[in-house]
A.B. asks: 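Starting off with a structure, shown below.
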Amino acid sequence: MSHTILHKFWSSNPVVVRGKVVDSKQIDGVTYVAARAYGEALGATVTWDVKTNITTVE
């Protein structure tokens, strides 16, 4: 699933990272954010390797 598809399921509970609102989802009291959204809010470059299923945040 791409981040765009997952984004449709995120709740309206915002997480603020360096003044930028990043959508989040809460499940059983744990808050989750998409790695790409969180990394980009920090100014990092986020890549996904489809062959290894590894996300890299630099």
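No hydrogens, no waters, no symmetry mates; every other heavy atom, side chains included, goes into these values. Just so you know, residue 1 is the first one in the sequence shown, and it goes up from there.
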A.B. asks: How close do Lys20 and Glu40 get, heavy atom to heavy atom, and via which atoms?
C.D. replies: NZ-O, 4.3 Å
A.B. asks: Testing the basics here: between Val46 and Arg36, what is the closest heavy-atom pair and its distance to 0.1 Å?
C.D. replies: O-NH1, 3.0 Å
A.B. asks: What residues join Ile54 in its hydrophobic cluster, counting side-chain heavy atom gaps under 4.5 Å, either direct or through other members?
C.D. replies: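 Hydrophobic cluster check, Ile54: no partners found.
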A.B. asks: Not counting sequence neighbours, which residues clear side-chain contact (heavy atoms from CB on, under 4.5 Å) with Val17? List them please.
C.D. replies: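 Partners of Val17 by the side-chain contact (heavy atoms from CB on, under 4.5 Å) criterion, ordered by chain and then number, come out as Val15, Val22, Tyr38, Ala41, Leu42.
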A.B. asks: Would you kindly say whether Thr45 and Glu58 are connected by a side-chain donor-acceptor distance under 3.5 Å?
C.D. replies: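 Distance-only check fails for Thr45 and Glu58.
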A.B. asks: Where do Ala44 and Val57 come nearest, in terms of heavy atoms and distance?
C.D. replies: CB-CG1, 3.6 Å
A.B. asks: Using the side-chain contact (heavy atoms from CB on, under 4.5 Å) criterion, which residues pair with Asn53? Sequence neighbours excluded.
C.D. replies: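 Result, side-chain contact (heavy atoms from CB on, under 4.5 Å) vs Asn53: Trp48.
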